[in-house]
Amino acid sequence: MRLFKRHVSARSLTAFVAENLLIFGSITAVARMHGPVDEPAAALWKIALVVALCQVSLYYNDFYDLNLIDSNRELAIRLLQATGAASIVLGMVYFALPSLDLGNGVFVSSLVLVLVGIFAWRLMFNQLARARRLRQPVLIVGTGPSAKIVARQILAHRDVNYHLIGFIDNDPARIGESVVNP
């Protein structure tokens with residue numbers, strides 16, 4: 001799928017939407033635990049600002065490039081970097097515009113919930129996305145240059161969840177030959 005002239009996989013979009021809801025829900029829950037909300041509409045806009053800043057920070061830390069993040073360690077590092085950057089920017093926003101503050105301790109409390117929630121969610125999401133039964137098998141007809149390009153693209157984009165089975169060629173002498181060695 002194309003979004004803003006850029007390829008976005010269904011997996012990346014699913015991760016983005018789920019993490020958006022997770023951040024929003026975490027901040028809303030913590031804000032309600034800290035006390036009653038005076039103006040729900042104003043609180044909604046304040047929470048939306050925090051969610052937007054967190055999402056921009058996650059995006060610029062390549063959190064949604066599922067080809068880059070292939071280990072839990074990398075996931076944790078990128079998540080900590082993103083939340084740290086979002087905290088710094090949000091601190092500057094709160095310093096410049098104190099009226100946007102959600103309340104005493106709301107962001108810090110929700111930050112812990114967001115970190116744990118997103119890390120647990122992404123671990124579960126990655127485990128589910130790598131499940132063998134969800135892989136789409138691909139058999140390429142031909143062994144020419146175009147077939148090799150397609151095969152390399154499939155191997156390079158792990159977030160698409162295709163599994164390259166092999167190639168079919170009408171030359172029986174090529175059986176067993178490695179066309180593209182992953």
Side-chain angles (χ1 to χ4, degrees), residues 1-131 134 153 156-162:
M1 153 181 7
R2 289 227 173 263
L3 188 65
F4 300 116
K5 296 183 180 181
R6 184 173 177 187
H7 170 73
V8 177
S9 70
R11 284 180 58 200
S12 295
L13 191 60
T14 302
F16 176 78
V17 170
E19 287 159 9
N20 228 347
L21 293 172
L22 192 86
I23 295 169
F24 185 83
S26 298
I27 296 170
T28 303
V30 170
R32 286 184 175 237
M33 286 190 313
H34 275 262
V37 178
D38 295 335
E39 297 178 37
L44 185 67
W45 284 108
K46 292 175 185 180
I47 293 171
L49 171 73
V50 174
V51 171
L53 283 174
C54 288
Q55 286 293 3
V56 167
S57 183
L58 288 169
Y59 175 79
Y60 280 112
N61 277 290
D62 291 325
F63 203 69
Y64 296 109
D65 189 350
L66 301 178
N67 288 321
L68 289 178
I69 300 176
D70 56 353
S71 71
N72 295 341
R73 182 176 182 264
E74 182 74 21
L75 177 72
I77 289 171
R78 287 184 188 274
L79 181 59
L80 288 172
Q81 288 174 338
T83 53
S87 299
I88 291 169
V89 170
L90 198 58
M92 290 189 289
V93 167
Y94 287 163
F95 183 74
L97 300 167
S99 62
L100 294 178
D101 191 7
L102 290 168
N104 194 13
V106 171
F107 179 70
V108 174
S109 300
S110 62
L111 185 63
V112 172
L113 195 58
V114 165
L115 279 169
V116 171
I118 288 179
F119 188 72
W121 149 251
R122 192 55 87 89
L123 288 177
M124 183 185 71
F125 178 73
N126 288 344
Q127 190 71 22
L128 181 65
R130 291 182 185 133
L134 295 178
Q153 287 295 319
H157 293 284
R158 291 174 294 198
D159 65 328
V160 184
N161 218 16
Y162 289 131

For a side-chain contact (heavy atoms from CB on, under 4.5 Å) check, start with the C-alpha distance between L100 and W45, then their side-chain angles and the critical distance, and finish with the verdict.
CA-CA 9 Å; L100 294 178; W45 284 108; over 6 Å; no

Just do the side-chain contact (heavy atoms from CB on, under 4.5 Å) check on L115 and L80 with the steps written out, would you?
CA-CA 8 Å; L115 279 169; L80 288 172; 4.1 Å; yes

side-chain contact (heavy atoms from CB on, under 4.5 Å) between V89 and V56, intermediate numbers included
CA-CA 11 Å; V89 170; V56 167; over 6 Å; no

Between V93 and L49, is a side-chain contact (heavy atoms from CB on, under 4.5 Å) present by the stated rule, with each step listed?
CA-CA 10 Å; V93 167; L49 171 73; 4.1 Å; yes

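A heavy-atom distance below 4.5 Å is found between the side chains of L44 and F24. Within the 4.5 Å cutoff, side-chain heavy atoms of L75 are placed close to those of L123. The shortest distance between side-chain heavy atoms of I23 and I47 does not fall below 4.5 Å. Annotation: side chain of W121 is not in contact with side chain of N126 (no heavy-atom distance under 4.5 Å). Counting only heavy atoms from C-beta outward, the side chains of I118 and T83 never approach each other to under 4.5 Å.
In terms of heavy-atom proximity, V114 sits nearest to S26 at CG2-CB, 3.7 Å. In terms of heavy atoms, A82 sits closest to N61 at CA-ND2, 3.1 Å. Taking every heavy atom of both residues into account, D62 and R78 meet most closely at CB-NH1, 3.4 Å. Between A86 and S57, the shortest heavy-atom distance links the atoms N-OG, 3.6 Å.
A distance-only check finds a donor-acceptor pair linking the side chain of S110 to the backbone of F107 [under 3.5 Å]. Between the side chain of R122 and the backbone N or O of F63 there is at least one donor-acceptor pair closer than 3.5 Å.
Contacts classified as salt bridge (charged side-chain N to carboxylate O under 4.0 Å, His left out) and involving residues 47-59 (residues at least two apart or in different chains) are not found.
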